[in-house]
Amino acid sequence: MSIANGREFLAIPGPTNIPDAVLAAMQRPAVDIYTGPLVRLTDSLLADLARIFATEGQTYIYAANGHGAWEAALTNVLSRGDKVLVLESGRFAIGWGEAAKMLGCEVEILPGDFRRAVRPEAVEARLRADSKSEIKAILVAQIDTASGVINDIEAIGQAVRASGHEALLMVDTVASLGCVPFAMDRWGVDVAMAGSQKGLMTPPGLGFTAAGPRAKAAHKKANMRTPYWDWTFRDGPVHYHKYCGTPPEHLLFGLRAALDMIFAEGLDRVFARHRLLAEATRRAIAVWAEGGHLDFNVENPAERCNTVTAVVTRSGESAQPLVDYCRDKCGVVLGRALGWSEGKGFRIAHMGHVNAPMVLGTLGTVEIGLSALGLPHGKGGTAAAIEFLAQSVPV
Ligand SMILES: *Cc1c(COP(=O)(O)O)cnc(C)c1O
């Protein structure tokens, strides 16, 4: 017996659902890579990415995933032997730090917690203690997709400035850009990076970096630069150089359609939609958690992000039967738990191209699974989500 049919619904935090308009924009022949429309397309994308990062700085597009954009960010501003400070709050900043280490940086982790956000005061204290200014860069994820934490980048930026330290602030926005507010210049961020396949609703395969003036100055002295990632090469006037080779044209057409959708809806409305659908998800989970079996990974409600919610089992029991049931019987793919909670939880993404039926359908499916498997849970989680949306979305 199964009630799965038709398109499988992805509730994983990347790749996310791709809008039909984005798929349709990619369904076309290849075009010339040297002239006319493609050159103008690149100019429009670079400008609109800067708008989404909220920066006057320079943006770059790579044929790469998020890991590639990590490497782009690091190699453009650092030199071998430089020390970087990684702000732990889950898995992803740690992963970025591992890349830095392999490239030849000395990596120090400011210890955090898989269930908590980075504490800005701890960042300030660590920087003040670095009297010889050995730390050259600080790596942090705005949203950690494994833990479901949102870090307060504005407060971290203030902490960096308050310490008087010169280290570059480098932020991973892969799971947050285009979903929650980000203000690169205003928050004092020197380098930001992202990818195409999460909030930006485009197939995987594009990585982005944005560089502010302090990052561009550090770039001049950096000795880790490599031909493919190098900003200077891409800054020139030649279109072919902007991608260090053949542009990933079809992904660019898709990204154009996705950005058009985001701007047509309006960034503020996109953020509000994410906030509402995330809160609806949290309302459901809070009710289920009353059964004593499930819990939020992130302990402090204010630190739960609006793009993905990580759920853990209190006993450490595997959530795999529930994940399997939702996929095999109902056609909904939940995210696996990562890092500290690996194997003992699941994640529900509410990121990018999402609306009420997608999120309520996912919540309803989880609730079917909880009941069918006889897992202890408070009854009426989906109903609580519905009630929250009814109260929050005026006529
Ligand atoms: C998904 C993700 C990445 C890695 O992106 P890939 O495209 O899988 O390489 C990095 N950071 C964060 C916060 C992510 O969510």
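Indexing begins at 1, ligand by ligand and atom by atom, following the structure's order.
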Q) Side chain of Gln197, backbone of Gly14: donor and acceptor closer than 3.5 Å? A)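 No, Gln197 side chain to Gly14 backbone: no donor-acceptor pair under 3.5 Å.
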
**Q.** Side-chain (Thr307) to main-chain (Met351) donor-acceptor, under 3.5 angstrom
**A.**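 Absent.
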
Q. Do we see a donor-acceptor contact under 3.5 Å between the side chains of His350 and Asn306?
A.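 Result is no, nothing qualifies.
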
Q: Taking atom CD of Glu265 as the centre, report whether more than 12 heavy atoms of other residues, nucleotides or ligands fall under 6.0 Å from it.
A: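 Correct, the count exceeds 12.
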
(Q) Can you confirm whether Glu8 is buried at CD, in the sense that more than 12 heavy atoms of other residues, nucleotides or ligands lie under 6.0 Å from that atom? (A)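 Yes, because the 6.0 Å sphere around CD of Glu8 holds more than 12 heavy atoms from other groups.
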
Q. Under 4.5 Å between any side-chain heavy atoms of Thr313 and Phe346, yes or no?
A.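 In short, these two side chains do not touch, never coming nearer than 4.5 Å.
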
Q | Under 4.0 Å from ligand 1 - residues by heavy atom, chain and number | A |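 The answer is Asn65, Gly66, His67, Trp70, Phe92, Ile143, Thr145, Asp172, Val174, Ala175, Gln197, Lys198, counting any residue whose heavy atom sits under 4.0 Å from ligand 1.
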
